[in-house]
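All ligand and atom numbering here is 1-based and tracks the order in the structure. Since the structure is predicted, the reported quantities are computational estimates derived from the model, not experimental observations.
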Amino acid sequence: MAKDDFESLRSEAEKKSTGWTNPRVIALLLVAISCAAILCTTLTFFLHPDQTVDGDVPPFEPLPTDPDEMTIVERINCYPDRNAGEAERICLARGCEWQPTVVDGAPYCFFPRGHGTYRLVLEQEHTWGMRLTLERETYTPSFFGQDIQTLTLDIEFQSRNRLHFKFYDASKPRFEVPIPLPPRPNEGAINTDYAITYTARPFTIKITRKSTGEILWDTSIGALIFEDQFLSISTRLPSSNLYGFGESEHRSFKHDMNWRTWGLFARDQPPGDNINLYGVHPFYMNVEYGGNAHGVLFFNLNAQDFTVQPTPALTYRTVGGILDFYMFLGPTPDHVIQQYTELVGRPMIPPYWALGYHLSRYGYENLDNLQKVVASMREYDIPHDVQYSDIDYMKRNLDFTLDEENFGGLGEFVESIKAEGTRYIIMLDPAISANETGYEPYDLGVDNDVFIKDEFGDLRYGKVWPDYPNITVNSSVDWDTGVRLFRAYAVFPDYRKQATKDWWIDQITKFKEIINFDGLWLDMNEPANFVHGSVDGCSENIYDLPPYVPRISGGGPIYDKTICMNSVQQLDDNRKENHYNMHSLYGWSQTIPTVDAVQQLTGMRSLVVTRSTVPSSGTNSGHWLGDNGSNWPQLRYSIIGTLEFNLFGVPHVGADICGFFNDSPEDLCRRWHQVGAFYPYARNHNGIRYQAQDPGSYGEEFAVSIRELLHIRYRMLPYLYTLFYDAHTQGSTVVRSLMHEFTHDSHTWGIDRQFMWGSALLISPVLEEDTTVVRAYFPQARWYDYYEGMEISVENLEVAGGIDLVAPRDVVPLHFRGGYIIPTQQPHNCTKFSRLNPFGLIVPLDESMEAAGDLFWDDGDSIDTVENGDYYLMRYIFSRHILTSSFIHVPTNHPTALFENLALDDITIYGLETEPSVVKFNGGALDASSFEFKAETKVLSVKSLDHPMTDVFTLAIEFSESP
Ligand SMILES: *[C@@H]1O[C@H](CO)[C@@H](O)[C@H](O)[C@H]1NC(C)=O
Ligand SMILES: *[C@@H]1O[C@H](CO)[C@@H](O)[C@H](O)[C@H]1NC(C)=O
Ligand SMILES: *[C@@H]1O[C@H](CO)[C@@H](O)[C@H](O)[C@H]1NC(C)=O
Ligand SMILES: *[C@@H]1O[C@H](CO)[C@@H](O)[C@H](O)[C@H]1NC(C)=O
């Protein structure tokens, strides 16, 4: 097992003595030799010359040739600390080198080459892999004097494509992320696509993709530090094609590798440049220059930051837990995400209605205004699946209350719009006001001991939305004064406790009697706090004043905008834990009982949308990208955020359409809808007191344009829903980048202004003001315009930088990719009705005149339909000019009910060679009036088939001369 791999490595390395043509391999060889010359004990090293070299793609970015420059890009920062004072002295005291440089962002203080912190002292083989024991070098100076002397490194060969390795302290348990992961797969190490090599002194590790020889990880570039509150590890990366890591607003999907440091720690923070946002996803994907992809999860959710640099290299730094990594070898991007979600959990399939259009705002002010907005949606017949209420439905922002004065009758109104097919979602915040009299959520919460405590066992008080009772708020005072004078004390439920879960579910149950919601929306669950730490600040303690504060909180303390890190929470049934370790898990812990509550109460698959997420959040919830602004750049970044959350296994995601803060000009809101119509989670949401931005608010012409646009989305909902089935069953992404599908085309690696639904649909939206032209890139494939069916001509394929498409203000360029069949359904005003409409098939042909695709169909909102087998899975295949349908799965119970009275009406085939003479459906020639061929576009449309979905069919195309 493990041993075989090591043996095979050794022998391969011995066998290969010629063919060192690759510059990177030569460079590494030199490093290995020079390293050996100093003091390295190289146990084994592996260099594989058989690189896959992709025709027109340079296999590697050229390495810098200037030796000085090369040293600088190799520098690993030895003084990442915030306080700039005495940097040089501290740097030298850490045994590091100090050398100012003019290279922007490069560190002055860096680890010397071969800097050793640990050496290997023991190797043990196990059935699951290797256990290595490392001893800290006594001569190595310390960062903060809390070093763990003896480390254990377990390297588990979990499956062919999954490797787990973790550094920990075997003598003393440390915090580990409590998100449950499935048991280790039992495939063992046979045939792994990775090989591990390491050096003993200093201890460094390399992970190699065996099939190509690419070195995926190589820690020899930097020091390994494992202190109680400062843990750091650096690795070289095989390429600078780095994607993922969140939650942050990234301005490019492919990371900027030019000395960027990003903090990760859950935070109530509107998106902005380089500041940690609501959730934490320490997961990246790297695309190697040969076109293979791998992914790495750092399974650590303590406050952390990471640095990327042009070497290319990556440094992780965290303030607690252990150094716990999972690597997924792909080799395609979608394989990587499938392997990742196999570990952290496959995404849920949202209820069908959750794929419709959602409308929300903060600040409807009263029921009357809300009713007017809904009436305007009806007037213009705009698809409207979900309506929301933000905290302003509450009485003075108190959870589980209704503002009877302004929203009296909301319950009845909700029932009335539900009867029309629109669902309702309301917001809940975690913080509970402590200053009310006779406020049951607080009183029962105290009785049942459900709130987070301070270090003395008393309630930890912060302040969030609710004001004190019986006061008049002076809204002209500044924010901090207002918080101090008017905001009530608030306490924070400790959702890991069973008593808290019971209390929360009980409160939700009672409130559902008042408003019969269909789903819940969880805000402020980082947890957000308007006073820093608590109403009294935080004490001086090692958690609130750790020796290292990562690049978070905009330079503020670690407890900035949240509760003190020494607050005490429940970890599990028996153990308590500091907020320091539990912080970023708060939203996750709240979401679990919330999902339980809504599903118990509705008896249906429901929708819970959470602001704070972590790995595994996609298994039970969706996410919006937070409080963005109504501006063009954030429209553009929303595509990047949506792509990233698809990598994180949270595919039901989107940004607030038209933007949350500030007024949204008509042209921005129009273009934003053109992007948002293709977010998996399509919600228009607005902030309080800004100009209305619901589709009806800009006049009739705008409303009609949005209706037509949303009809495109609704038409393709069966396809979007099927993509969620693929995500749920295989872990595939729903929205993806062009890189994801055309990984071997290096032009796609940096594209983040276009995105795809699955493999089939390419969206190339306008993202700038006053523009009716879009630059769009088309990789090698057949592509057909959505609207007219024109095929992108061969000379316009693979044009570096893209070609110009015309996009008048009402048009978002959309293209079908040949080879992928898209199931459709005629749109309606909401999914309740669109689900009854006739189906259709879009059949764009590929170079071999073939196409295939699936349709997943269940009742749309029962729980666990896939697990219970209560669904249809249809497969459509077009080959040799015949389209056939077949059932891959029929419902285990009530086999026909799901498709009852549903028909297939139209089939549109793109890219035929020439005009058909006969079109036969189930053997019978169709009347010439029921099909149409457009010679100019080569599109064949067959209409009005009215074929029952419960029956299979064939459609055969015949030509008078063979094409
Ligand atoms: C949708 O249209 C139907 C009539 O076909 C109507 O009864 C229903 O109220 C409408 N629903 C919405 C959400 O507009
Ligand atoms: C709010 O509640 C806290 C905690 O019980 C208390 O200390 C504080 O005095 C109260 N403030 C007001 C204005 O009632
Ligand atoms: C605050 O007002 C409520 C009525 O809104 C009243 O029942 C309560 O007694 C008042 N509390 C105080 C402290 O005045
Ligand atoms: C409200 O606050 C402003 C600014 O501090 C102050 O000038 C004003 O007098 C206050 N109004 C009342 C009614 O207290």
Q) Hey, does Asn435 come in under 3.5 Å of ligand 2, counting only N/O atoms on both sides? A) yes
Need the list: ligand 1 N/O atoms against protein N/O atoms, distance under 3.5 Å, rounded to one decimal.
residue  : atom   : partner : partner atom : Å
ligand 1 : 2 (O)  : Asn829  : ND2          : 2.2
ligand 1 : 11 (N) : Glu420  : O            : 2.8
ligand 1 : 11 (N) : Asn829  : ND2          : 3.0
ligand 1 : 14 (O) : Asn829  : ND2          : 3.0

Q: Number the atoms of ligand 4 from 1 as they appear, then name those within less than 4.0 Å of a heavy atom of Val477, with their elements.
A: 2 (O), 5 (O)
Q. Is it true that Tyr357 and His673 have ring centroids separated by less than 6.0 Å?
A. yes
Q: Check whether the side chains of Arg487 and Asn435 place a donor and an acceptor atom closer than 3.5 Å, and report yes or no.
A: no
Q: Name all pairs fulfilling the ring-ring contact (aromatic ring centres under 6.0 Å, His included) condition that reach into residues 512-532, sequence neighbours left out, sorted by first residue then second.
A: Tyr388-Trp521, Trp465-Phe530, Trp479-Phe530, Trp521-Trp624, Trp521-His685
Q: Give the numbers and elements of all ligand 4 atoms closer than 4.0 Å to a heavy atom of Ser476.
A: 1 (C), 2 (O), 3 (C)
**Q.** Cationic tip of Arg835 above Trp857 ring, under 6.0 Å, 45° of axis
**A.** yes
Q | Partners meeting side-chain contact (heavy atoms from CB on, under 4.5 Å) with Asn406 (sequence neighbours left out) | A | Asn366, Asp403
Q: Name all residues meeting the disulfide (SG to SG under 2.5 Å) criterion together with Cys564; count only those two or more places apart in sequence or in a different chain, and write none if there are none.
A: Cys538
Q.
Centroid separation under 6.0 Å, is that true for the rings of Trp757 and Tyr679?
A. no
